Trainee: 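Here it is, the structure, as structure tokens.
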Amino acid sequence: MLEARILEVTCGQAPLELVLGVGKYAPERLHRRAERDVHVHGVDEEHDHDHAAENHHHEHTDHTLVFSTWSWTTDRPLSLKALRGMFEELPNTIYRAKGAVQLHDMPDNRMILQMVGKRASLTLAGEWGDEPPCTQIVMIASHGGLDVEGLRTQLEACIVADTRPAAVRQKTAKTEWTRKRQ
């Protein structure tokens, strides 16, 4: 029977000594573990590795057999309401999404998107400053669990055509929601 310690945390904030310094992650054990080359390739992404390299001592697993990844970028602002609605309806095959978001509702502020499982949040990350505002979102799903064209269409529907500043700017620094189960 395996025993596990359960830590209740908020936003992943846990004392590192309770997570990294115990069990398999104890520093005195880490040096005995074999190195692993862990990486994930995107949908239809070409990839090549130098398997003859001296430090490349593992059997290569094609991670695209397990996961699919996809990213989307735009320099146009998104509607918070539309983005939230879109994320609430994502299929359960999408496990993770993250990125920086430019909202029409808060045009001067960079928002950080985090979605794991059915929970999603947008958190204020400061002003864009001299950097041109844009949205960059990456999604990770089960193999074959991404409808890339459907996602592109849904995200493009979140773009606000009117580039004038929003009449009412939202003052909250964080918004969270839960995806619906399908």
Side-chain angles (χ1 to χ4, degrees), residues 8-14 38-48 61-182:
E8 187 172 332
V9 299
T10 302
C11 295
Q13 299 296 317
V38 178
H39 47 273
V40 178
H41 304 284
V43 176
D44 299 326
E45 179 182 340
E46 292 292 325
H47 58 279
D48 187 28
T61 301
D62 184 357
H63 301 286
T64 59
L65 298 175
V66 179
F67 299 108
S68 295
T69 62
W70 177 73
S71 62
W72 182 78
T73 303
T74 184
D75 60 354
R76 295 166 56 199
L78 307 181
S79 159
L80 173 60
K81 182 179 179 182
L83 186 66
R84 183 176 183 164
M86 184 243 165
F87 267 82
E88 287 175 351
E89 298 297 328
L90 283 177
N92 292 330
T93 57
I94 299 176
Y95 305 132
R96 178 88 165 95
K98 68 182 198 172
V101 177
Q102 174 193 13
L103 291 177
H104 183 258
D105 311 76
M106 299 177 70
D108 299 328
N109 297 300
R110 176 194 327 257
M111 302 297 289
I112 300 298
L113 169 71
Q114 296 285 346
M115 188 217 68
V116 178
K118 63 178 190 166
R119 295 184 54 92
S121 67
L122 280 170
T123 306
L124 181 64
E127 294 189 359
W128 289 100
D130 293 336
E131 186 179 347
C134 69
T135 295
Q136 297 175 314
I137 298 174
V138 176
M139 294 187 182
I140 301 173
S142 60
H143 175 69
L146 287 171
D147 172 8
V148 172
E149 288 308 312
L151 288 169
R152 182 176 289 116
T153 299
Q154 288 176 301
L155 284 165
E156 286 176 357
C158 296
I159 294 173
V160 176
D162 182 5
T163 58
R164 291 176 290 162
V168 179
R169 294 187 183 187
Q170 190 170 339
K171 299 292 183 191
T172 58
K174 187 170 186 174
T175 182
E176 295 183 359
W177 63 90
T178 302
R179 294 190 319 168
K180 296 175 184 170
R181 288 285 180 195
Q182 296 179 348

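What you see is a predicted model; the values in this text were computed from it and never measured.
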Trainee: Could you go through residues 96-103 and list every donor-acceptor pair under 3.5 Å that involves a side-chain atom there, pairing it with any protein atom two or more places apart or in another chain?
Mentor:
unit_1	atom_1	unit_2	atom_2	d
R96	NH1	Q114	OE1	2.9
R96	NH1	M115	O	3.4
R96	NH2	Q114	OE1	3.0

Trainee: If the condition is salt bridge (Lys or Arg N to Asp or Glu O under 4.0 Å), which residues does R152 pass it with, not counting sequence neighbours?
Mentor: E149
Trainee: What is the distance from atom CH2 of W70 to atom CG of L155, rounded to the nearest 0.5 Å?
Mentor: 5.0 Å
Trainee: What is the distance from atom OG of S71 to atom CG of L151, rounded to the nearest 0.5 Å?
Mentor: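 Those atoms lie 11.5 Å apart.
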Trainee: Would you confirm whether T69, through its side chain, and I140, through its main-chain N or O, come within 3.5 Å as a donor-acceptor pair?
Mentor: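 Flag not set: sc T69 to bb I140 has no pair under 3.5 Å.
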Trainee: Nearest 0.5 Å please: distance from the CG atom of D147 over to the CG atom of L90.
Mentor: 11.0 Å
Trainee: Checking T74 now: which residues fulfil side chain to side chain contact (heavy atoms under 4.5 Å, CB included) with it, not counting sequence neighbours?
Mentor: W72, R76, L78, T135, I159
Trainee: With sequence neighbours excluded, tell me which residues meet side-chain hydrogen bond (donor to acceptor under 3.5 Å, both in side chains) with E131.
Mentor: R110
Trainee: Decide side chain to side chain contact (heavy atoms under 4.5 Å, CB included) for T93 and L146; before the verdict, give the C-alpha distance in whole Å, the side-chain angles of both, and the deciding distance to 0.1 Å.
Mentor: CA-CA 7 Å; T93 57; L146 287 171; over 6 Å; no
Trainee: CG of L113 to OG of S121: how many Å apart, nearest 0.5 Å?
Mentor: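 If I round to the nearest 0.5 Å, the distance is 7.0 Å.
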Trainee: Not counting sequence neighbours, which residues clear side chain to side chain contact (heavy atoms under 4.5 Å, CB included) with A157? List them please.
Mentor: none
Trainee: Rounded to the nearest 0.5 Å, what separation is found between the NZ atom of K81 and the CG atom of L83?
Mentor: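 Answer rounded to 0.5 Å: 13.5 Å.
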Trainee: Could you pull out the closest heavy-atom pair between Y95 and S142, with the gap in Å?
Mentor: OH-CB, 3.1 Å
Trainee: Provide the closest heavy-atom pair for I94 versus A141 in the form atom of the first, atom of the second, distance.
Mentor: CA-CB, 3.8 Å
Trainee: What is the minimum heavy-atom distance between G145 and S68, and which atoms define it?
Mentor: N-OG, 4.5 Å
